[in-house]
Amino acid sequence: MEVGLNHYLALAAILFSLGLFAVVTKKNAVTVLMGVELILNAANINFVAFARFIDTDLDGQIIAVFVIVTAAAAAAVALAIVLNLYERLKSINLDEADSLAG
Amino acid sequence: MDFTNIAFYIFAALTVGSAGVMVFHRNVVYSAVGLLFAFFGVAGIYVLLAADFIAIVQILIYVGGILILLLFGVMLSQKLTKVDVRTESMQLVPAVVVVGGVLAVLLLTISSTPWKLAGSLEYEPTTKAIGRLMMTEYLIPFEIASVLLLAALIGAAYIARKN
Amino acid sequence: MLFNFANVLTFIVFGAVFVGINITLSRILQARNPHPVKLSTYECGELPEGDSWIQFNIRFYVIALIFLIFEVEIVFLFPWATVFKELGLFAFVEMMIFVFILLVGLAYVWVKGDLEWDKSTAVPDPALAPSAARQELTEAIAS
Amino acid sequence: MPVLNANLTLQAAQFANLPETLQTILFMVLGAAIFAGAAAVLALVGVYLERKISAHMQDRVGPMEVNTEIPVLKNIGHGWAQTLADALKLLIKEDIVPAEADKKLHLMAPFIVFAATLAGFSVLPFGPGLVASDLNVGLFYIIAISSFVVIGIILAGWSSNNKWSLLGAMRSAAQIVSFEIPASLALLVVIMAVGSLNLGDIVAAQAGGIHKWLIWWYPPFNILAFFVFFVASLAELNRAPFDMPEAESEIVAGFHTEYSGMKWAMFFLAEYANMFLVGVIIATLFLGGWTSPFGDFLNSGPFPVFWVTLKAFIVIFVQIWLRWTLPRVRVDQLMYTSWKVLTPFAFVAMVGAGIWMML
């Protein structure tokens with residue numbers, strides 16, 4: 001069967017679900033972040049796929065670049081928070097991090 | 001069935017399989033390895049979608065940057081004996097229901113929407129075109145990105161330092 | 001374009017296969033003679049003490065953070081550099097603004113000391129510190 | 001001989017009868033095989049050179065004994081077969097995996113490191129049209145693919161479950177990523193000058209002799225970029241004086257402390273293959289690549305391959321020379337070099353070359 005837009009979108013949907021599953025179920029903050037990265041990757045596949053099949057110009061690809069850049073900035077800040085959490089609680093399990101008092 | 005189709009199925013299987021390892025393996029380092037191959041698979045998908053520049057950026061930022069940072073985070077914050085490196089799951093049953101529902105809705109929407117296809121993008125180098133667009137049409141987002149990066153750098157350094 | 005990327009993939013796959021062949025060949029040829037002492041973790045001939053977990057210097061992490069931000073900057077610089085000549089002065093000025101904003105970040109982490117490697121902050125053991133009398137003597141000799 | 005010729009003709013005919021896609025695949029696999037073989041051979045040559053050069057620098061002779069009985073090769077002497085003998089030894093050596101190690105990842109790490117190193121070879125141009133993969137994003141691709149090596153090193157260190165392995169891996173990773181920034185920034189000067197990421201285009205821009213090499217463009221900014229890149233590449237290769245990750249007086253052998261036999265040999269091979277890779281990259285970007293330094297003189301036939309290999313080996317010689325001349329730096333000095341010396345200078349080179357081009 002010829003691979004078309006639907007195939008790429010379905011792949012992105014599966015990746016998105018896997019990432020969402022990790023975000024919802026994992027206790028470990030680093031694993032949750034990995035799930036977020038999967039979700040962003042799924043979104044990016046959609047952007048690039050639409051750029052190829054529907055828009056046929058490079059706007060979608062540029063959006064994808066900006067998504068990757070934002071993801072990198074987010075990951076840097078999020079991991080800094082995880083590290084800070086660890087320094088305070090000696091654990092990075094999210095269910096133990098329910099205190100705002102630090 | 002031509003080669004790009006076969007390549008699509010190979011990369012899709014690689015991506016989904018490694019993402020599965022990432023999600024379901026109990027050891028965080030194995031999750032990171034799963035993520036490594038998932039990123040690589042997605043880069044392959046980008047190549048098939050005529051986005052060579054994005055594919056390289058994907059490897060450079062995700063594998064060379066974010067994944068290394070994640071691994072450093074694992075190494076720094078976990079006792080690396082075999083027991084403690086595990087990651088536990090919670091609320092499995094509701095999660096399966098919700099995520100299954102989301103996936104079903106997504107797939108249904110994808111298959112039932114009549115997409116207005118407009119041919120397909122040619123396989124040609126995109127780097128120069130992206131550079132040109134970034135300097136003209138996307139100039140404002142580009143400059144804002146630098147401010148975002150500055151904020152992220154200062155914020156992350158500040159949070160990581162304060163202990 | 002696809003052909004070139006297929007070639008890259010061939011290289012990656014072939015590299016893995018090459019390692020696989022070598023390791024398998026070595027498996028077949030080598031003599032295997034396991035012994036608990038031989039299989040223990042190497043610690044300069046001493047018995048291994050504790051597990052491999054050590055509190056890492058947090059600097060490794062801060063360096064990786066800063067690296068990630070600058071790597072993103074490089075992603076923007078590469079496509080710009082390829083079209084720099086044809087776009088001329090305007091693109092150059094735009095990129096200088098971009099680079100300048102990020103150099104502010106570099107200056108910030110530089111001034112705040114995030115690029116310094118942590119010196120040991122451990123307090124020296126008072127038992128090992130030179131006694132007051134000895135210190136006086138040392139100073140007396142020095143002066 | 002006629003029999004062989006007939007055989008070859010027959011095989012060629014059979015090859016031509018194959019479906020086109022199969023032919024393409026066979027060609028690609030053959031190309032990869034040739035490059036992998038060349039990488040292995042060049043790595044062996046590199047090891048031999050390192051031993052001999054270091055020996056002569058220290059007024060020793062180095063390996064002298066290992067030789068064969070084959071008539072012509074016998075006369076070369078000077079222990080030329082030493083590294084071959086070492087390779088054979090490593091092949092039959094027992095592969096010890098510590099009981100505490102994570103066996104799967106311990107096995108996977110050399111695969112990742114070597115495959116990523118070999119993948120870098122696919123875009124190197126060895127002559128006009130003599131390149132396995134003429135990627136348009138070639139230079140960018142090399143930087144990206146080398147990040148797999150860092151992941152492989154971290155995995156090797158973690159899976160060994162050994163203090164020195166893990167510490168060596170962390171040091172190695174932090175060092176490689178720190179020096180990737182000035183290295184990439186230095187490359188920008190070349191890309192700005194040529195306006196292409198394709199390595200073939202970069203070589204073509206330098207054709208016509210030694211005075212056209214990119215190192216002489218926009219003085220002094222390109223020379224500055226060249227030095228920044230050279231120093232950063234030394235650190236990325238974990239070569240002396242930046243061989244902190246393998247400081248044997250402190251952390252034994254760094255991330256590969258728990259590796260032995262063929263798995264260790266794969267790391268070693270990747271290391272020397274990487275040296276050659278960097279040599280070719282420096283030759284291509286700054287020293288004219290496969291073009292002859294004398295204009296059109298000796299610039300055709302097999303000579304392009306000769307020139308680029310010669311230039312690469314000159315770079316390798318300087319790397320070895322530095323290793324046996326300079327003492328090792330400390331970790332804090334390393335970070336100082338990367339972030340407070342090389343990165344600002346790389347920015348200066350980039351901005352300076354940009355202004356020069358604007359004028």
Side-chain angles (χ1 to χ4, degrees), chain A residues 1-11 13-22 24-28 30-31 33-35 37-38 41 44-45 48-49 51-56 58 61-62 64-66 68-73 75-77 79-84 86-87 92-93 95, chain B residues 5 8 12 15-16 19-20 22-23 28 31 35 38 42 45-46 49-51 54 57-58 61 65-66 69-70 73-74 76-77 87-92 95 98-99 102-103 106-107 110-111 115-121 126 129-130 133-134 138 141 145 148-149 152 155-156 159-160 162-163:
Chain A
M1 196 164 81
E2 191 64 28
V3 171
L5 178 62
N6 281 359
H7 289 74
Y8 290 99
L9 295 186
L11 170 67
I14 294 170
L15 266 191
F16 175 82
S17 309
L18 282 169
L20 187 64
F21 188 79
V24 176
T25 60
K26 296 292 180 179
K27 271 187 187 172
N28 186 319
V30 176
T31 336
L33 263 178
M34 292 181 184
E37 301 305 335
L38 271 192
N41 262 288
N44 257 348
I45 292 180
V48 179
R52 172 156 158 79
F53 289 106
I54 292 191
D55 245 6
T56 62
L58 291 176
Q61 296 198 9
I62 294 208
V65 173
F66 282 113
I68 292 176
V69 166
T70 319
V77 176
L79 274 161
I81 293 172
V82 169
L83 196 72
N84 206 317
Y86 176 75
E87 293 284 331
I92 56 168
N93 281 354
D95 54 344
Chain B
N5 290 352
F8 170 80
T15 311
V16 172
M22 184 249 123
V23 174
V28 184
S31 289
L35 204 59
V42 173
I45 296 288
Y46 288 154
L49 284 169
I54 313 278
V57 172
Q58 163 90 7
I61 298 289
I66 294 178
L69 202 60
L70 284 169
V74 173
L76 280 163
S77 60
T87 162
E88 285 165 47
S89 302
M90 47 192 180
Q91 305 140 354
L92 272 182
V98 170
V99 173
V102 169
L103 180 61
L106 279 176
L107 290 178
I110 290 168
S111 59
W115 302 105
K116 279 187 197 147
L117 296 179
S120 58
L121 213 58
T126 55
I130 285 179
L133 273 177
M134 219 169 252
Y138 288 86
L148 172 80
L149 288 175
I159 296 169
K162 204 180 157 198
N163 47 31

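Just so it is clear: chains get the letters A, B, ... in the order the sequence lines come, proteins before strands, and each one is counted from 1.
Panel note: side chain A:Glu37, backbone B:Ile66; no donor-acceptor pair is recorded below 3.5 Å. Proximity of a side-chain donor or acceptor of A:Asn6 to a complementary backbone N or O of B:Ser111 within less than 3.5 Å is not detected.
Contact detail for B:Ala19 and A:Leu15: the closest heavy-atom pair is CB-CD2, 3.7 Å. Across all non-hydrogen atoms, the minimal contact from A:Gln61 to B:Ile130 is OE1-CD1, 3.9 Å. Nearest heavy atom pair, residue B:Ile110 against residue A:Ala10, reads CD1-N, 4.0 Å. Residues A:Ala76 and B:Ala156 approach most closely at O-CB, 3.9 Å, considering heavy atoms. In plain terms, the two heavy atoms of B:Val99 and A:Ser17 that are nearest each other are CG1-O, 3.3 Å.
A:Met34 places a side-chain heavy atom less than 4.5 Å from the side chain of B:Val28. Side-chain contact between B:Ile54 and A:Ile68: present, with at least one pair of heavy atoms (C-beta onward) separated by less than 4.5 Å. You'll find the side chain of A:Leu38 reaches within 4.5 Å of the side chain of B:Leu35, heavy atoms only. Using a 4.5 Å cut-off on side-chain heavy atoms (C-beta onward), A:Phe21 and B:Val98 make no contact.
Rounding to the nearest 0.5 Å gives a distance of 8.5 Å between CZ of A:Phe66 and OH of B:Tyr138. Distance check, rounded to the nearest 0.5 Å: CG of A:Asn44 to OH of B:Tyr46 gives 3.5 Å. Remark: B:Ile159 CD1 to A:Leu83 CG distance equals 10.5 Å, nearest 0.5 Å. Distance check: B:Asn5 CG to A:His7 NE2 gives 8.0 Å after rounding to the nearest 0.5 Å. Rounding to the nearest 0.5 Å gives a distance of 6.5 Å between CE of B:Met22 and NZ of A:Lys26.
Note on B:Leu149, B:Leu107, B:Leu70, B:Thr15: by heavy-atom pairs under 4.5 Å with chain A, the leading option is B:Leu70. The greatest number of non-hydrogen atom pairs below 4.5 Å with chain B, out of A:Gly19, A:Ala72, A:Ala64, is found for A:Ala72. Ranked by heavy-atom pairs shorter than 4.5 Å toward chain B, the options A:Val69, A:Ile45, A:Val65 are led by A:Ile45. When each of A:Thr70, A:Ile54, A:Val77 is checked for heavy-atom pairs under 4.5 Å with chain B, A:Ile54 comes out on top. Per-residue counts of heavy-atom pairs under 4.5 Å with chain B were compared for A:Ile62, A:Leu20, A:Val48; the largest is that of A:Ile62.
B:Ile61 touches chain A through its side chain: at least one heavy atom from C-beta onward sits under 4.5 Å away, while N, CA, C and O do not. Of the two parts of B:Leu69, the backbone and the side chain both hold a non-hydrogen atom closer than 4.5 Å to a non-hydrogen atom of chain A. Using a 4.5 Å cut-off between heavy atoms, A:Leu18 touches chain B through backbone and side chain atoms alike. Contacts of A:Ile14 with chain B are made by both backbone and side-chain atoms, with heavy-atom separations under 4.5 Å. Contacts between A:Leu9 and chain B at a heavy-atom distance below 4.5 Å involve backbone atoms as well as side-chain atoms. Only the side chain of B:Ala145 comes within contact range of chain A, judged by heavy atoms closer than 4.5 Å. Heavy atoms of B:Leu103 lying under 4.5 Å from chain A belong to its backbone as well as its side chain.
Under 3.5 Å, the side chains of A:Asn41 and B:Gln58 contain a donor-acceptor pair of N or O atoms.
Legend: residues meeting ring pair (Phe, Tyr, Trp, His ring centres under 6.0 Å) with A:Phe16, ordered by chain and number and at least two apart, are absent.
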